[in-house]
Student: 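Starting off with a structure, shown below.
Along the sequence shown, the residues carry numbers beginning at 1.
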Amino acid sequence: MKFTFAHYNFNVMDLEKSVAFYHDALGLLPTRRKEPGDGSFVLMYLGDGVTNFRLELTWLRDWEKPAYDLGDNEFHLAFEVDDFDAAYKKHKEMDCVVYENKMMGVYFITDPDGYWIEIVPCDTREHRENR
């Protein structure tokens with residue numbers, strides 16, 4: 001028996017705003033959409049065009065609270081990037097960098113709902129030795 005990663009879910013308040021953010025910040029594109037006839041929810045799957053892993057964004061029509069409780073944000077997604085400096089510059093310009101750990105060589109951005117996303121350089125030997 002073998003298990004493989006399929007997707008990770010974030011619940012979002014504004015689906016279109018979130019899809020735009022993930023496209024602009026990380027280059028993710030919609031790969032699939034599921035919506036029941038009654039319109040009570042929408043599942044939007046985003047992919048990077050390279051791996052089979054998907055980010056599932058879930059919008060719930062009847063969610064009445066003002067935001068989702070994200071706890072201490074200790075859980076997060078992580079993305080590797082081949083041009084770390086260019087990514088950092090872009091995210092600073094987007095004003096979405098929320099935490100930097102220069103000692104570890106990583107930083108975090110936040111999406112429109114407050115979810116944290118770690119940005120790490122591609123897994124080079126130098127990066128592995130500095131973890």
Student: Tell me if the centroids of the rings in His7 and Phe53 come within less than 6.0 Å of each other.
Tutor: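 Between His7 and Phe53, the centre distance exceeds or equals 6.0 Å.
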Student: For residues Trp59 and Gly39, report the shortest heavy-atom separation together with the two atoms involved.
Tutor: CZ3-O, 3.7 Å
Student: Using modelled atom types and a 3.5 Å cut-off, is there a donor and acceptor pairing between side-chain atoms of His23 and backbone atoms of Val19?
Tutor: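 Not at all, since once roles are kept as given, no pair shorter than 3.5 Å links the two residues.
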Student: Where do Phe41 and Pro36 come nearest, in terms of heavy atoms and distance?
Tutor: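 For Phe41 and Pro36, the tightest heavy-atom pair comes out as O-CD, 3.1 Å.
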Student: Please report the interatomic distance NZ(Lys92) to CE(Met94), rounded to the nearest 0.5 Å.
Tutor: 13.5 Å
Student: Could you check if a side-chain atom of Met13 sits within less than 4.5 angstrom of a side-chain atom of Trp63, using non-hydrogen atoms only?
Tutor: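 When only atoms from C-beta onward are counted, Trp63 and Met13 do touch, with a gap below 4.5 Å.
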Student: Between Lys90 and Asp24, is there a donor-acceptor pair closer than 3.5 Å when you use the side chain of the first and the backbone of the second?
Tutor: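 Yes; at least one donor-acceptor contact below 3.5 Å.
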Student: Mark yes when over 12 heavy atoms from residues, nucleotides or ligands other than Asp14 sit less than 6.0 Å from its CG; otherwise mark no.
Tutor: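 For Asp14, atom CG is crowded (more than 12 foreign heavy atoms under 6.0 Å).
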Student: With hydrophobic residues grouped by side-chain heavy-atom distances under 4.5 Å, do Leu29 and Val50 end up in a single group?
Tutor: no
Student: Is a side-chain N or O of Arg61 found less than 3.5 angstrom from the main chain of Asp38, in a donor-acceptor match?
Tutor: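 Answer holds: yes.
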Student: To the nearest 0.5 Å, how far apart are CG in Asp48 and CD in Glu80?
Tutor: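 Going from the CG atom of Asp48 to the CD atom of Glu80 covers 11.0 Å.
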Student: How far apart are the C-alpha atoms of Leu28 and Phe79, what are their side-chain angles, what is the distance that settles it, and do they pass the side-chain contact (heavy atoms from CB on, under 4.5 Å) test?
Tutor: CA-CA 11 Å; Leu28 301 184; Phe79 283 81; 3.9 Å; yes
Student: How long is the span from the CG atom in Leu43 to the CG atom in Leu57, to the nearest 0.5 Å?
Tutor: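 Answer rounded to 0.5 Å: 9.5 Å.
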Student: Report yes if some heavy atom in the side chain of Lys34 is under 4.5 Å from a heavy atom in the side chain of Tyr45; otherwise report no.
Tutor: yes
Student: If you measure from OG on Ser18 to CZ on Phe10, what distance do you get to the nearest 0.5 Å?
Tutor: 10.0 Å
Student: Testing the basics here: between Val120 and Phe84, what is the closest heavy-atom pair and its distance to 0.1 Å?
Tutor: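 Reported closest heavy-atom pair: C-CD1, 3.9 Å.
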Student: Under a 4.0 Å threshold between the charged nitrogen and the carboxylate oxygen, would Arg54 count as salt-bridged to Glu56?
Tutor: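 No salt bridge links Glu56 with Arg54.
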Student: If every non-hydrogen atom of Thr58 is compared with every non-hydrogen atom of Leu60, which pair is closest and at what distance?
Tutor: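 What the structure gives for the nearest pair is CG2-CD2, 3.8 Å.
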Student: In Å, rounded to the nearest 0.5 Å, how long is the span from CZ of Arg32 to CE of Met44?
Tutor: 11.5 Å
Student: If you count every heavy atom of other residues, nucleotides or ligands that lies below 6.0 Å from Asp95 atom CG, does the total exceed 12?
Tutor: no
Student: Which atom pair, heavy atoms only, marks the closest approach of Ala25 to His91?
Tutor: O-NE2, 2.8 Å
Student: Could you point out which residue of Leu55, Val98, Leu26, Thr110 forms a side-chain contact (heavy atoms from CB on, under 4.5 Å) with Ile117?
Tutor: Leu26
Student: Applying the side-chain contact (heavy atoms from CB on, under 4.5 Å) test to Ile119, which of Val106, Val97, Val81 qualifies?
Tutor: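 Only match with Ile119 under side-chain contact (heavy atoms from CB on, under 4.5 Å): Val81.
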Student: Test side-chain contact (heavy atoms from CB on, under 4.5 Å) on Phe108 and Glu100; report intermediate values, then the result.
Tutor: CA-CA 6 Å; Phe108 289 80; Glu100 299 177 51; over 6 Å; no
Student: Less than 6.0 angstrom separating the ring centers of Tyr115 and His76, yes or no?
Tutor: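 Ring centres of His76 and Tyr115 not closer than 6.0 Å.
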Student: Less than 6.0 angstrom separating the ring centers of Tyr107 and Tyr99, yes or no?
Tutor: no
Student: Looking at Pro121 and Gly105, what are the two nearest heavy atoms and their distance?
Tutor: CD-O, 3.3 Å
